[in-house]
Amino acid sequence: MTLAFPNPSRSFDEARNAVRFMGHDGMFQIRFFIEAGALTKSDAARREAGTLEARCLSAFDALRTTIYDVACKAYSHGRDSYTLTAADFR
């Protein structure tokens with residue numbers, strides 16, 4: 001199986017200061033987090049006003065395809081959680 005993102009939902013995880021989203025590899029659910037710092041450095045986030053949560057979620061939505069591509073590259077079988085950082089997007 002390959003990693004897929006059939007559910008477009010995402011949420012802000014205040015404790016991790018990151019946006020959480022899920023991927024699926026067959027019947028396995030894989031948790032992903034993308035650090036707020038990786039999102040707020042984007043052009044989309046810099047233009048947004050509002051709370052960190054709102055800016056991060058808006059930037060995630062604007063960059064969703066790129067984020068999914070990076071998540072697929074980071075994914076390896078055997079782990080159930082990944083944290084993406086700004087370094088992953090270089």
Side-chain angles (χ1 to χ4, degrees):
M1 282 265 137
T2 60
L3 187 63
F5 300 94
N7 184 348
S9 67
R10 79 290 185 266
S11 61
F12 189 76
D13 187 319
E14 198 169 320
R16 287 183 179 253
N17 199 33
V19 172
R20 176 186 178 143
F21 62 103
M22 305 300 275
H24 291 84
D25 185 356
M27 65 182 204
F28 298 102
Q29 192 169 6
I30 313 300
R31 291 173 294 172
F32 286 91
F33 300 90
I34 179 167
E35 292 179 344
L39 290 167
T40 56
K41 290 181 179 183
S42 74
D43 289 337
R46 283 195 294 256
R47 289 191 300 265
E48 286 288 319
T51 66
L52 177 62
E53 177 179 355
R55 290 193 326 265
C56 286
L57 293 176
S58 179
F60 183 95
D61 292 341
L63 301 168
R64 186 179 299 268
T65 302
T66 301
I67 291 167
Y68 287 171
D69 289 344
V70 170
C72 286
K73 288 177 188 172
Y75 177 67
S76 65
H77 300 280
R79 290 179 51 195
D80 65 351
S81 179
Y82 296 83
T83 299
L84 304 176
T85 68
D88 293 309
F89 292 87
R90 293 185 184 141

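For the single chain, residues carry numbers from 1 onward in sequence order.
- Distance check, rounded to the nearest 0.5 Å: CZ of Phe12 to CD1 of Ile34 gives 11.5 Å.
- A 4.5 Å side-chain heavy-atom check between Leu63 and Phe89 finds every atom pair outside the cut-off.
- The side-chain contact (heavy atoms from CB on, under 4.5 Å) check on Arg79 picks up Ser76, Tyr82, with sequence neighbours excluded.
- Annotation for Leu84 and Ala74: closest pair CD2-CB, 3.9 Å, computed over non-hydrogen atoms.
- Within the model, atoms CE of Met22 and OG of Ser81 stand 9.0 Å from one another, a figure rounded to the nearest 0.5 Å.
- Ile30 contributes atom CD1, which lies 7.0 Å from atom CG of Leu3 (distance to the nearest 0.5 angstrom).
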Practice prompt. Kindly determine whether Arg10 and Asp61 satisfy salt bridge (Lys or Arg N to Asp or Glu O under 4.0 Å), including the steps that lead there.
Written response: CA-CA 9 Å; Arg10 79 290 185 266; Asp61 292 341; 2.8 Å; yes
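- Between Phe5 and Tyr68, the ring planes are parallel. Angles under 30° get that label, and only those over 60° would be called perpendicular.
- Counting all heavy atoms, side chain and backbone alike, Ser9 lies closest to Phe21 at O-CB, 4.0 Å.
- A continuous path of Ile, Leu, Val, Met, Phe, Trp and Tyr side chains, each step under 4.5 Å between heavy atoms, connects Leu52 with Leu39, placing both in one hydrophobic cluster.
- Of the possible polar contacts, one joining the Thr40 side chain to the Ala36 backbone as a donor-acceptor pair under 3.5 Å is found.
- Remark: Pro8 pairs with Arg64 by the side-chain contact (heavy atoms from CB on, under 4.5 Å) rule, at least two apart or across chains.
- Counting all heavy atoms, side chain and backbone alike, Cys56 lies closest to Val19 at CB-CG2, 3.8 Å.
- Nearest heavy atom pair, residue Asp88 against residue Thr83, reads OD2-O, 4.0 Å.
- The shortest distance between side-chain heavy atoms of Asn17 and Glu35 does not fall below 4.5 Å.
- Both Phe28 and Tyr75 are members of a single hydrophobic cluster when ILVMFWY side chains are connected at heavy-atom separations under 4.5 Å.
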